[in-house]
Amino acid sequence: MNAVVKSVESLHAAAVAVVAHKFGGSSLADAARIQHVAQLLRTRPESRQVVVVSAMRGVTDALLAIADDAASGHAHWRRGFDALRRRHLDTARELLGAVAGPTCEWLEGRFGELAETINAIAVLRGAGNGMAEAISGNGEVWSAHLLHAYLHAHGADYALLDAREVLVVRREELGAAVDWDATRTRFYAWRKSNPHDRVVVTGYIARDENGRDCVLGRNGSDFSGAIFAALYDAAELHIWTDVDGVLSADPRIEPEAVTLAAMSYNEACELAYFGAKVIHPQTMAPAISAGLPIFIRNTFKPAHPGTRIDAVGDAHGPVKGLTLAHDLALLNVEGTGMLGVPGTAERVFAALRASRVSVVMISQGSSEHSICCVVKAAEADTARAALEGAFARELHDGQISGIALTRDISVLAAVGDHMAGVPGVAARLFDALARSHVNIRAIAQGASERNISIALARDQAMVALRAAHAAFWLSPQTISVGLIGPGKVGAALLDQISAAAPRLRSNSGLDLRLRAILSTKYLLADEMDLGSNWRDRDADFVDNDIDGFLKHLVAAHLPHTVIVDCSGSDAVVEHYAQWLGAGIHVITPNKQAGAGPLERYRAIRAAALAGGARFRYEATVGAGLPIIQTLRDLLDTGDELVAVEGIFSGTLAWLFNRFDGSVPFSALVHEAHALGYTEPDPRDDLSGIDVARKLVILAREAGRALSLADVAVESLVPDSLRDAGRDAFMAHLAEFDAVIAQRHAQAHSRGNVLRYVARLDRDGAASVGLLELPRTHTFANLRLTDNVVQFTTRRYCDNPLVVKGPGAGPEVTAAGVFADLLRVAASLGARI
Ligand code: ADP
Ligand code: ASP
Ligand code: MG
């Protein structure tokens, strides 16, 4: 019984509690949206409402521009003014239809008065700051009036409050401060004659202590929302905007940003202070003192719960959000004279304060050799002059070597209550930035450990934000992938990537974005992801252009770029060093780099080292078999390569597995060609050059300075057919069957078989050619196109390490390339 009574009571309490709502400009952009807001209010459960409104979208900016134009004597302020007037009148007519008359009349009256004021400014050629500000507040007066008239026309009883009637503020250094005593006195007086349960209030505008119109600063309607929520003793404040809540980062920079379910006042303050526009930092003060929860919600998705901001927040993850603040500059005071001298930081602060420069961030090396601070770009010169003045003597005496100013600085701030006491948060952040080649200019961590701020160059800011966002698993690790050569292997790779993409995203936090494909005929590019249907995208085909490909790929907002070269072209390899040097990872099944000129190979490796980029080519030897990785693991763990030998050609393996003398060798070549087991010209396989290239790649991997010219190659292409046309070669090959049949017969008579083997001997000699091997030899017992590699090392000396399996075909080759791609991703932080 008791319980029932209680719940009825609390229902009653909920029904009588006041809920405050603030609607941003985008929620009130036009008549349809104003109608939508009215509908939203109608369906809310509470009976008592405070509704604070911004101006219609873009109106504040337009008013400021008009005031500015008029002040500089431009007659075209009229154009902007007329557009605003028309927009509001049209909205009134659309909203109110037949009963629009009085509202239109009212609007005409207001616009008439405003025109007079602006005219006066134009004539006098100047508006004081206060004047332009006051003009910019008109948008809220109009929008409040429109919403109120619409609600009224639909029978809803709302009072209308022009905030200037009650809200009194003082201008202080950090913005407007509410004079609560004066405000409450006026508010109670106003309430006496306006006791309604519901009210529409203008946001943004107020009155100063001298009774002049003023505003609460850009985005100030959020502040108004909190102020009126406090005055009305509201139980909750809902800030309605155009996103689902507070996101982990600005969605315009980080499309992967996630909506936060809850956060603390402190976290919200830090985020807002560092530029998350979604909530005005001052909003928090009245809410905190009243213990009022704030909900950031999407007007267009009223069912979405949004983000709850209160004293507690939630404990999920060390970093809640990331923000960027731009238009900053870095000042660095440097010199030996500061060593151990107490009070230098205070003098820096004092000098800046005296010149009214606000310091965004400060950091001092523990060596006390330098102090740097970040200030607003607009105040940078003033700040430098102030410091030069304050340290004139030290500068003169050389104790301070200089005061350096760096412009175009942004600050990335990582915010979260639970960074405190969690070791490694800063390390993770810095590591992510280093992997993305972001140069950190200065770091500051507040003693609260709620915020780590990093000053960096403006043009690296977006990359930094995305890298940090991914590092804290706020979004998947995003990699921009470009593919050159969508032939058999390239196409198979793209199919494999798109099939694996959803799993990689959800399980491994890896987001591979195929953003460009370059073939000999076309360049295909997409801002986000070409996805699986790149084959159908012929409408976008343009001329082949490697520079355009690169430019598109290195988009400023993605932290990592990988180029996959499946082309087989030597010309493409010429670009590798430059790409790697610029930090772009290169993955390839193309043997031209690993087996090409030694100088170029060394330059490529050196560039990778310098650029911090990965160069991987597992699929150059044995397609998808883990051959190079195995060798790397042996060497990296301290083993030494003594010798290597194997069968590196799937084609030659197949031919000699089949060749038993019953069918002529040339007939087998024709069959392999028909089955697609050979290159288009089978001489590319029979010449042994391809096998020699693979041997060179392995030898170089083990640190040997081997070149193709050093390999003794036994070609199976008869000399007289070397320069013939392909068809002539195929037609005449049978004439040489007797030679190879004889070798087979000899081997057979000794109980041996023929195999085409590559070897790098203990003494460093490299050769590829036809060998006689006993039938029991590992190489004699392969199937189909199997490859085999046998490593003899210091550890594996008596019984060599063998890697064996299918070593040809587009699918397995593509899988080898894909494995490289995943290994690179793992080194960049993906959970693979
Ligand atoms: P309103 O007109 O409703 O006041 P604002 O444009 O002032 O809306 O603020 C909402 C916008 O803030 C969003 O559309 C979004 O682009 C931007 N924004 C910046 N940082 C964040 C963030 N961390 N979370 C959510 N939105 C953000
Ligand atoms: N209309 C004002 C502005 O654009 C206030 C606000 O929307 O919060 O800054
Ligand atoms: Mg806003």
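Whatever order the structure lists them in is the order used to number ligands and atoms, beginning at 1.
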4.0 Å heavy-atom contact, H280 with ligand 2
no
Take a 6.0 Å sphere around CG of D327 and say whether it holds more than 12 heavy atoms from other residues, nucleotides or ligands.
no
From CA spacing to verdict: salt bridge (charged side-chain N to carboxylate O under 4.0 Å, His left out), D90, R93
CA-CA 5 Å; D90 288 349; R93 287 191 202 105; 3.3 Å; yes
Check each atom of ligand 1 against the heavy atoms of V246 and keep those under 4.0 Å away; list them by number with element.
24 (N)
Using a 3.5 Å cut-off on N or O atoms only, is G25 in polar contact with ligand 1?
yes
among protein heavy atoms, the one nearest atom 17 (C) of ligand 1 is R252 NH2, 3.4 Å
I'd like to know whether ligand 1 has G245 as a neighbour, heavy-atom separation below 4.0 Å.
yes
For atom 26 (N) of ligand 1, what is the nearest protein heavy atom, given as residue, atom name and distance?
V278 CB, 3.4 Å
Under 3.5 Å between some N or O of ligand 2 and some N or O of Y204?
no
Sole candidate of N119, D68, I121 that passes side-chain contact (heavy atoms from CB on, under 4.5 Å) when paired with W77:
N119
Could a heavy atom of P251 be found less than 4.0 Å from some atom of ligand 1?
yes
Would you compute the distance between atom NE2 of H280 and atom CG of D222 and round it to the nearest 0.5 angstrom?
7.0 Å
Could you list the atoms of ligand 2 found under 4.0 angstrom from a heavy atom of R218?
3 (C), 4 (O), 9 (O)
With a 6.0 Å cut-off on ring centres, are Y158 and H148 close enough?
no
Measure centre to centre between the rings of Y204 and F223, then say whether the value is under 6.0 Å.
no
Relative to the heavy atoms of S26, which atoms of ligand 1 are at a distance of less than 4.0 Å?
2 (O), 3 (O)
So, 4.0 Å and heavy atoms of G220: is ligand 2 close enough to count as a contact?
yes
Ion pair R207/E165, N-O distance below 4.0 Å:
no
Is S54 close enough to the Mg ion (ligand 3) that one of its N, O or S atoms comes in under 2.8 Å?
no
Would you check if L271 and M263 make a side-chain contact, meaning some heavy-atom pair closer than 4.5 Å?
yes
How far is atom 13 (C) of ligand 1 from its nearest protein heavy atom, and which residue and atom is that?
D242 OD1, 3.5 Å
Can you name the atoms of ligand 1, numbered from 1 with element, that are less than 4.0 Å from a heavy atom of V243?
13 (C), 14 (O), 25 (C), 26 (N)
Residue and atom name of the nearest protein heavy atom (relative to atom 7 (O) of ligand 1), distance in Å to one decimal
N219 OD1, 2.9 Å
Considering the heavy atoms of S221, write down every atom of ligand 2 situated less than 4.0 Å from one of them.
5 (C), 6 (C), 7 (O), 8 (O)
What do you reckon, does E140 have a nitrogen or oxygen under 3.5 Å from a nitrogen or oxygen of ligand 2?
yes
Among non-hydrogen protein atoms, atom 8 (O) of ligand 1 lies closest to T241 OG1, 3.2 Å
Give the residue and atom name of whichever protein heavy atom lies nearest to atom 4 (O) of ligand 1, and the separation in Å to one decimal.
K22 NZ, 3.3 Å
Side chain proximity check, V425 to V319, heavy atoms < 4.5 angstrom:
yes
Tell me the contacting part of I239 for ligand 1: side chain, backbone, both, or neither, using a 4.0 Å heavy-atom threshold, strictly below.
neither
Count the heavy atoms of every other residue, nucleotide or ligand shown that sit under 6.0 Å from CZ of R218, and state whether that count exceeds 12.
yes
Does any N or O atom in L247 lie less than 3.5 angstrom from one in ligand 1, N or O only?
yes
Around atom 6 (O) of ligand 1, find the nearest protein heavy atom and jot down its residue, atom name and distance.
K277 NZ, 3.1 Å
Taking I443's backbone N and O only, do any of them form a donor-acceptor pair with S363's side chain (distance below 3.5 Å, no angle check)?
yes
Going by the atom numbers of ligand 2, which of them fall below 4.0 Å from some non-hydrogen atom of S54?
6 (C), 7 (O), 8 (O)
Under 30°, 30 to 60°, or over 60°: which ring-plane class applies to F300 and H36, parallel, tilted or perpendicular?
parallel
Checking side-chain contact (heavy atoms from CB on, under 4.5 Å) against W142, which of T103, L84, V53 comes through?
L84
Expected output: side-chain E267 to main-chain D417 donor-acceptor under 3.5 Å
yes
How far is atom 21 (C) of ligand 1 from its nearest protein heavy atom, and which residue and atom name does that atom have?
D250 CA, 3.8 Å
